[in-house]
Participant: 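Just dropping this structure here.
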Protein chains: 2
Amino acid sequence: MRREGAGMTAPDGPAGVREFPVLPMSDTTRRMTGRVVTEAAAAISALVADGTLKPGDRLLAQRLADLLGVSRFPIGQAMRILADRGLLTADPGRGFSVASDGPDHAASYRAERGHDDLTSAYFRIAEDRLAGALPDTISEQAMRDRYGLGRGQLSQLLNRMAGEGWAERRPGYGWRFSAVLTTPTALEQSYRLRLAIEPASLLEPGYCLARETLLRCRAVEERMLGGEIETASADALYDRGVRFHEAIVGASGNPFFLDTLKRVNRIRRLLVYRSLADRSRYRRQAAEHLELLRLIERGAQIEAAGLLRAHLQGVMEKLSTVRPLLEAKQHPSG
Amino acid sequence: MRREGAGMTAPDGPAGVREFPVLPMSDTTRRMTGRVVTEAAAAISALVADGTLKPGDRLLAQRLADLLGVSRFPIGQAMRILADRGLLTADPGRGFSVASDGPDHAASYRAERGHDDLTSAYFRIAEDRLAGALPDTISEQAMRDRYGLGRGQLSQLLNRMAGEGWAERRPGYGWRFSAVLTTPTALEQSYRLRLAIEPASLLEPGYCLARETLLRCRAVEERMLGGEIETASADALYDRGVRFHEAIVGASGNPFFLDTLKRVNRIRRLLVYRSLADRSRYRRQAAEHLELLRLIERGAQIEAAGLLRAHLQGVMEKLSTVRPLLEAKQHPSG
DNA sequence: GAATGCATTTAGCGGCCAAGAAATGCAATA
DNA sequence: TATTGCATTTCTTGGCCGCTAAATGCATTC
């Protein structure tokens, strides 16, 4: 899948003159690998980066495979790649272990990893759509030509978009994009759905936020208040917010609530785009998140629901100040 | 798609002896047609059945094509089929018009129409899953073999199920079915989601139930109270309920609310299956629906929201009496 | 002159095959 | 004995071809 001129044609310049003499291990590092291998490598490097695996620790293939829900094979591939990058050291016959300078390599490795082909195509389409660059109706053929996708890939994407509610099959053939994404009030409407379900989820019978989850959420928010608000990327900030709310709602044990929230969050990500990186507000949000955790910890569900409602309403009201940006289809300068 | 030995081979018996002298127009009527043609025929017959088109009315191909969002071609095919069935009469050179006994034929035509291939496969899979006949994890290959589906069809179905939250891609390959459908409390949980969003949708700013929609809903409920509760099929009763609630929520103008409801209703259809055809309760439900419409008509949104909440809660409480049936995976005897 | 009916064009889908990726089984080994 | 490393098997995906359905354009006809 997603091959892209890897080797095969013209590996060298004319007469064997290498155009890119640097990166001596590139043919191993750059080797096209499957999705699972890539993700396994990312997962392992994350474990090394956050200290779960310390220098000298031996990596057991089966253990990692079980952790990621895959077989041992792609784990082995991933370890080999990471060994080439210097994160791990290979002990022939006894597998791999974390190199002494593993964590440093892990940080740089993780920094340079980009999006999936499919994911990036998804965002390109969404951006084009938001920018009005895509017509309302279009054939699959035209989409494939435009974004250079295989049949299967495109079909996966379109089905996903259809599931998210902003694309649909036309009766004959071709697809139609609905107006959901381009209407200026969509973002506000998405918040009103959250306002309906998130506080309600707290009042579900049997609501129980696992202690471990609570502590993890609290640690994240405190790290943010401790300075990460200023340093983290806009994407990272958005992700943290999403994860917090999904953790809260997920603790209701009602999958319908959680699925609905996840779904609306995926669309919301397209709507907020990368625009509103107004960091000053994240501080207040983090404080409210922490207060919410305190209430939940005490079992004060009703108060928690009230606070969550106020929290969302507060965020929604701030929306009206950024909405003009969306309407004008411009990105803020600062 | 879905070809099946249609015509082409052996139109007649040997030496011109017709094997099936009855149904002289069968090779036209039975001809396999595409999805759009089939749906166009169904749509036109619906128009004839409900009196929108009366005997003698001429059918304009372009008008119908615009109505259904397709081209004239499948409309022509559909009209030809319907003419063969006696719903329409063909006036060569001037198209088709509704036959004098069109409405009668339309009723019988509509009665014998079955499910789409894809739709029926979807329900077969869901039923197998509910019955525990499908393993938790399975490869696409195995699914294709089991249900005789093409690659694209299966991918469409699986993506749809994934969107509905009861199937998901495994990291490597193959799919996993989640426990959502088989857990005994799922139905109740789905109602609690509805309880969170439906009353809230009534309080959306700009809520406006179109007069035409209101009248249509009222007429349906009154027809039900007038006797259809006893005569209609269980499927039809379910559909009416779904359509009513979706009309109410759709009038909020917030597509997120409507999408969420539609989604949960699709899963709910799988959960209720065909079990609870307890008709006595539909009478009370219809009365409450009518009262709800009255309140909305008066613009009493808050009272309407309260009634809707009570209505859903009432239905949900009745659930506990039928839940044992689901748990035992049995269908009621009466 | 507008709508029909037919011919042409285009789109999408299934089958087939080959390539690549992941899963699985097995022998070697620390 | 548990784990690695490799070989084999299974599965998915992409390309290509042909078929059928739907869209579109055009001549005909009332």
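Here is how names work: the chains are called A, B, and so on, in the same order as the sequence lines, proteins then strands, and each is numbered from 1.
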Participant: Kindly check if the number of other-residue, nucleotide or ligand heavy atoms within 6.0 Å of CZ (B/R63) is above 12?
Facilitator: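 No, CZ of B/R63 has 12 or fewer neighbouring heavy atoms, counting only those of other groups under 6.0 Å.
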Participant: I want to verify a distance call: between D/dT12, D/dA22, D/dT13, whose nearest atom is closest to the B/Q141 side chain?
Facilitator: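 Comparing D/dT12, D/dA22, D/dT13 against the side chain of B/Q141, the answer is D/dT12.
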Participant: To the nearest angstrom, how far is A/L149 atom CG from D/dG14 atom P?
Facilitator: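 Taking atom P of D/dG14 as the reference, CG of A/L149 is at 9 Å.
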Participant: If you measure from OG on A/S97 to CG on A/D91, what distance do you get to the nearest 0.5 Å?
Facilitator: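 Reported to 0.5 Å precision, the distance equals 4.0 Å.
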Participant: Could you give the distance from CG (B/L158) to CG (B/L154), rounded to the nearest 0.5 Å?
Facilitator: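 The CG atom of B/L158 sits 4.0 Å away from the CG atom of B/L154.
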Participant: At 4.0 Å (heavy atoms only), tell me whether B/G174 reaches a base, stays on the sugar-phosphate, or touches nothing.
Facilitator: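 B/G174: backbone/sugar contact only, no base atoms under 4.0 Å.
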Participant: Just how far, in rounded Å, is P of D/dA22 from CZ of B/F73?
Facilitator: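 After rounding, the gap between these two atoms is 8 Å.
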Participant: Any chance you could measure B/T137, atom OG1, to B/R170, atom CZ, to the nearest 0.5 Å?
Facilitator: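 Nearest 0.5 Å value for the OG1-CZ distance: 4.5 Å.
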Participant: Go through D/dA22, D/dT4, C/dA22 for me and flag the one nearest to the A/L60 side chain.
Facilitator: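 Nearest to the side-chain atoms of A/L60, counting from C-beta on, is D/dT4.
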Participant: Of all the nucleotides listed (C/dC6, D/dC6, C/dA23), which has the minimum atom distance to the side chain of A/R72?
Facilitator: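 Nucleotide nearest to A/R72's side chain: D/dC6.
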Participant: Tell me whether the rings of A/W166 and A/Y122 are parallel (<30°), tilted (30 to 60°) or perpendicular (>60°).
Facilitator: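 Aromatic pair A/W166/A/Y122 classed perpendicular.
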Participant: Please report the distance, rounded to the nearest Å, between CD in A/Q153 and P in C/dA21.
Facilitator: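 So the two atoms are 13 Å apart, to the nearest Å.
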Participant: If I take atom CG in residue A/L64 and atom P in nucleotide C/dA23, what distance separates them, rounded to the nearest angstrom?
Facilitator: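 Atom CG in A/L64 sits about 14 Å away from atom P in C/dA23.
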Participant: Quick one: B/L118 CG to C/dG14 C1', roughly how many Å, whole number?
Facilitator: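 My rounded result for the distance is 14 Å.
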Participant: Reckon A/L59 touches a base, only the sugar-phosphate, or nothing at all at heavy-atom distances under 4.0 Å?
Facilitator: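 Counting heavy atoms under 4.0 Å across all strands, the contact made by A/L59 is with sugar-phosphate only.
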Participant: Look at the side chain of B/E140 and decide which nucleotide, out of C/dA22, C/dT10, D/dT12, has an atom nearest to it.
Facilitator: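 From the listed options, D/dT12 comes nearest.
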Participant: Does a side-chain N or O of B/R144 approach OP1 or OP2 of C/dG15 to a distance below 4.0 Å, or not?
Facilitator: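 Checking C/dG15 against B/R144, a side-chain N or O does come within under 4.0 Å of OP1 or OP2.
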Participant: Want to settle it: does B/F96 or A/I138 sit nearer the 5' end of DNA chain C, counting the closest nucleotide to each?
Facilitator: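 Mapping each residue to its closest nucleotide by heavy atoms, the 5'-most match is B/F96.
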Participant: Please pick, from D/dA23, C/dA11, C/dA22, the nucleotide with the shortest atom-to-atom distance to any side-chain atom of A/S139.
Facilitator: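 The closest nucleotide is C/dA11.
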Participant: Just how far, in rounded Å, is P of C/dC16 from CZ of B/R151?
Facilitator: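 Those two atoms, CZ and P, are 12 Å apart.
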Participant: Whole Å only: how far is the CD atom of B/Q62 from the P atom of D/dC26?
Facilitator: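 Taking CD of B/Q62 and P of D/dC26, I get 16 Å after rounding.
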Participant: Remember a base hit wins even if backbone is also touched, and classify A/R58 as base, sugar-phosphate or nothing at under 4.0 Å, heavy atoms.
Facilitator: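 The residue A/R58 makes sugar-phosphate contact but no base contact.
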Participant: Can you tell me how far C1' of D/dT4 sits from CG of A/D91, to the nearest Å?
Facilitator: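 Taking atom C1' of D/dT4 as the reference, CG of A/D91 is at 12 Å.
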Participant: Here's a test of your reading of the structure: between B/Y173 and B/V70, which maps to the more 5' nucleotide of DNA chain D?
Facilitator: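 Whichever sits nearer the 5' end wins; that is B/Y173.
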Participant: Taking the side chain of B/R169 as heavy atoms from C-beta outward, which of C/dA22, D/dT13, D/dG14 is closest to it?
Facilitator: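 The listed nucleotide nearest to B/R169's side chain is D/dT13.
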